[in-house]
Each structure stands twice: as C-alpha cells, then as structure tokens.
Number of protein chains: 2
Amino acid sequence: MEKPAKPGQQVLVALRRMIADGTIKPGDRIAEIPTAEALGVSRMPVRTALRALEHEGLVVKLGARGYTPRTMDAAAIAGAIEVRGVLEGLAARRVADRGLTLAEAADLEAILAEGDALFAKGHLVDSDLDGFYRYNIAFHDLLIVASGNPSIALALGRNNHLPFASAAALALDWDDLEGEYHHLLKAHDEHRAVFAAIRAGDADQAEQLMRDHAAVAIANRRAFRMLDAER
Amino acid sequence: MEKPAKPGQQVLVALRRMIADGTIKPGDRIAEIPTAEALGVSRMPVRTALRALEHEGLVVKLGARGYTPRTMDAAAIAGAIEVRGVLEGLAARRVADRGLTLAEAADLEAILAEGDALFAKGHLVDSDLDGFYRYNIAFHDLLIVASGNPSIALALGRNNHLPFASAAALALDWDDLEGEYHHLLKAHDEHRAVFAAIRAGDADQAEQLMRDHAAVAIANRRAFRMLDAER
DNA sequence: TGCGGCTCTATTGGATCCAATAGAGCCATG
DNA sequence: CATGGCTCTATTGGATCCAATAGAGCCGCA
C-alpha cells in the first residue's frame, strides 16, 4: 500500500521543498493561480497550503498580492533555534521533575543504545548518517512527549518546519565523515548527559544541557536535510 | 469607518467565542455544514476558520467527522501558561542581554508609568481593570518585540489564543476590587522588577522573574477575559 | 514635467457543485 | 445470539465559477 498521496498534502510538501531548496526565493511572489497550474491541481489545495505555511511562519502575506517566502537570515535562524532550545529545555526540565516511568526509561535507554551502536565502530559510514537522523528525532520527540505538556509540541510545531531550526534538520557534511563523527558523537554525548541529569532528577541541569545542546546547532552547520514527512 | 467585517474573520472570532464561553463544549461535534448555516455563511469560511483553529490548538480533528474543541483541563492550562512563561522569559533574557535602545527604554518607562497611575490612588475602579488589561498587554508585547527574535512571537501565537494562557487573559474578579488591587499590584511590581533586571543587564534574573510572573497566573484565577481582537 | 485621480485588470476570497470516503447501521450467516 | 461483511449515507476535500478589491498603469491637468 503505497501512499495514495492526497493532493493537499502533496502541495504542502511540494511548496515546503521549493522554499527550502531555494526554487522559490524570498521576494518571489507566490500567487495561487500560477502555482496551482504548475502543480497541476486546482487553486483550492494551494490556498489551503499557503494558509498553513503562513501559520508555520514559512511565508508571509504580501498584501492582497499573494505570499512570499519569509526571509531567513542567520539571525532569524539562530532565533528559531534558540526558541527550540528553550522549549526542549522546558521539556527536559519537566521530565526530570516528574521522573521517568519505567516504560519511558526503557524506551529512552533503547534509543540511546541505538546511538551507541552507531559510534561503536569508531567511524561512520554513509548509512549511519541516516541512522543518526532517525535516532536524533526519536530522542527529541520522546522527551517532548514524555514532558506531558502538549503545549510544548504545539509551540514547537511552527519552528520545526523552519529550515535549520528543527531537530530533524541536521548539520551534516556528507563529504567529511571524519569531521562529522566527532560532531555527532558530541551530540550523542550530550543526549547521554541530559538522560543522566533526568535520572538524577536534576531539573536545572537537564534544562541547561538541553539548551546548550540546541545552541551548538547554531554554530556548526554547512548543509542540512529537511524533514519531508508529516507527523 | 467601521469594520466592514470580512466574513472569514467574523467566523473565526465567532467560533473562538463559542468555544471560549462554552457554547460549544469539548465532545460536541463541529461539522462544516451546520456551522455554516448557523452563521449564515457558506462552508468555505468555516472550513478556513476550522483549519486556523486547529493550527492554534483550540480544536482537534475528529477523524473524518469534523472537529471538536480541545479539552482544556487544569493541567493543560497550566502547561500552556508554563510555555508562555518560558518563551517570555527568553524574550526578557534577550532584551537584558542586548540592552534597551533609548527609544525602547522610553516606551517601556511610559508603559510602566501607566501602571503606576492605575495604582496611585490606592484602590481600583471598574475602568481601571480595562486600563490594566491594556497596560499589561502593552508591556508583554513590547518585551517580545524588543527581543528581536520573531520566532518567539510565532511560537507564542498558538498559546495566545488559548483561554487562560494568554497574557491578555487576566484573572479578574470583578466583584472583589479590593482583592484584585493587591493581585494586580503584585503583577505590576513584577513588571517593575523585570524592568530593573533588564536595565541592570542581569539576563538570568530577568528570565527567572518573567517565568515566575507567568507562573502566578496558574494559581490565581477565577474569571477571565478573552482577547477578541486580531493582531 | 510632476502629481493626482481614474480606470482597468490581475488576484484573492467566497459560493456552489461534484467526487471520494469513512462511519454507521443493517442483514445474513455461522 | 454474536460477528462479519456489505451497503448506504452523511460529511469532508477538491474543482469551478462568481464577486469584490486593491494594485498598477495611464491620462489629464496644473
């Protein structure tokens, strides 16, 4: 059973891609009719998608003349990452405060073990980057869910679609596996440290570590991958 | 010139009101056709509004059978307020870090002076509650804007529409002006304290104070006002 | 030659119509 | 009598059509 690929979702991810990879640059007008024709659908799903993208903050309304991608300079990206760090920091704090259930602890340990396995052999191969990508998302998502505060996920919803700002947007240099090894291992170690703080019930520490963890994403980035899939 | 009152916006605020005041309760189905007929418009603006409300987190999709208001129990409200506190705390931190411009300092001082004026006579009258309402929003909004991080406002966008969670949702007891005097004065003093920390450049302190300021909203609430106006 | 107003058109927002779909109820059967 | 499948219908999602509107360009006048 492949994806029947509902037109609406299709348009949404298509536009996200185009904005992310620069097919549509800030300043370019996005009008409904040309976009609809280009994608081979009616204006309706395009309208829906543009409204959604506006809510996500990826585009801004251009008066009555359509939309345009939001300009994302370095400061804006840093700001988005900062917001993510603060929100995920809150999640970590909450989890440390309330303590992990047995099931959550087991899940988290299993996820971290995946990470251990990636680095166990001392170097990375191509497929490991994909593995880390999934491991990373799993770790972050689990903490947010375990926080028991759905508003955190809601508030993150906007930022998670911004390029570079999502935990799913890894800063990966596919040509420098050696350098990435240390970079990603550091991230993994930080995950472990957060986990330790949570187990110790040290909420302040857990929050601070999580914030710092997000902050490093601001510094080291050269390439990125977008999260295409919907939640 | 009054508001021509565009149908779309009209429907959006109408639905918000109905959800806020309990006309539509969690569990009730919100279908497009009956809603459209009840409001005297076509299904289209209703559809748009429901999508928007879903993004705001006020309603959840009920499979293919319409929407229903999101259940907001005490824990959910507390969670939303917690998120707001953390985000506004970040804003305060940023402002303290970068320092206020002369214009911002003057604006902020002017806003706080409004607050001073409200409490100067030692008691409150009815119209003062409205005055505080506006003063409070002005203070919070200015800090968020001055933070220079648009992502904060974006992330707050969702929470600000949730009843009880917005800075605009004051906990006011209109029959106990005496009690409210102390309650609101405390909030005002906290604003002053945040301002002082910002002037001193004490980012940690500014953030902590702002978080605590939000937290008190969790405890003291008996009635609330919704923010009807759009940004 | 510059500015203001007017018209004209491109484009969005809303209404109506049509198709796809999933939920509910019913019937048959084990 | 319970359970599984089938059909039927209620309801959303998409397409097309129509109206309102605001931006742009042009023309006239100072």
Side-chain angles (χ1 to χ4, degrees), chain A residues 1-19 23-70 229-231, chain B residues 1-19 23-70 229-231:
Chain A
M1 209 22 116
E2 285 295 299
K3 273 202 201 163
K6 300 236 175 93
Q9 299 293 308
Q10 203 80 0
V11 171
L12 188 60
V13 305
L15 284 176
R16 276 216 206 95
R17 291 197 74 91
M18 288 190 206
I19 293 169
T23 307
I24 312 175
K25 286 179 284 294
D28 296 353
R29 273 183 63 197
I30 309 176
E32 288 181 5
I33 299 176
T35 308
E37 285 173 357
L39 297 179
V41 294
S42 100
R43 280 179 50 211
M44 195 60 103
V46 175
R47 206 143 99 196
T48 308
L50 285 174
R51 296 305 253 292
L53 291 174
E54 188 189 10
H55 278 288
E56 291 172 12
L58 264 182
V59 302
V60 293
K61 222 193 327 239
L62 209 49
R65 320 194 43 216
Y67 294 80
T68 196
R70 172 144 159 258
E230 286 296 273
R231 297 285 157 115
Chain B
M1 49 162 113
E2 286 296 299
K3 273 200 202 164
K6 299 236 173 96
Q9 298 294 309
Q10 204 79 359
V11 171
L12 188 61
V13 305
L15 284 176
R16 277 218 205 93
R17 292 198 73 89
M18 288 190 204
I19 292 169
T23 306
I24 311 175
K25 286 180 285 294
D28 295 353
R29 269 184 65 198
I30 310 177
E32 288 181 5
I33 298 176
T35 308
E37 283 173 358
L39 296 178
V41 293
S42 102
R43 280 179 50 210
M44 199 54 133
V46 174
R47 206 147 94 198
T48 308
L50 285 175
R51 294 305 247 301
L53 291 174
E54 188 189 11
H55 279 289
E56 290 172 12
L58 264 182
V59 302
V60 292
K61 224 191 327 235
L62 210 48
R65 320 193 43 213
Y67 294 81
T68 196
R70 172 143 159 260
E230 288 295 275
R231 296 286 156 116

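To find a chain, count down the sequence lines: A is the first, B the second, and so on, and within it residues start at 1.
Nucleotide C:dC17 holds its P atom 14 Å from the CE atom of B:M44, rounded to whole Å. The distance from atom CD of B:E37 to atom P of C:dT16 is 11 Å, rounded to the nearest whole Å. Distance, A:Q9 CD to C:dT21 P: 15 Å, rounded to whole Å. Rounded to whole Å, the distance from CG on B:L39 to C1' on C:dG14 is 15 Å.
Residues A:A36 and A:S42 come closest through the heavy atom pair CB-O, 3.5 Å. Taking all atoms of both residues into account, the shortest heavy-atom contact from A:A52 to A:L12 is CB-CD1, 4.0 Å. Among all heavy-atom pairs drawn from B:P26 and B:T68, the shortest one is C-OG1, 4.0 Å.
Considering only residues two or more places apart in sequence or on other chains, A:R43 meets the salt bridge (Lys or Arg N to Asp or Glu O under 4.0 Å) condition with A:E32.
Residue pairs meeting the ring pair (Phe, Tyr, Trp, His ring centres under 6.0 Å) criterion with at least one member in residues 46-67 of chain B, sequence neighbours excluded: A:H55-B:H55.
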In 5'-to-3' order, the base (B), backbone-only (S) or no-contact (-) status of each nucleotide in nucleotides 7-12 of chain C, using a 4.0 angstrom heavy-atom cut-off, is ----SB
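Across B:I24, B:V46, B:V41, a single residue satisfies side-chain contact (heavy atoms from CB on, under 4.5 Å) together with B:T35, and that is B:V46.
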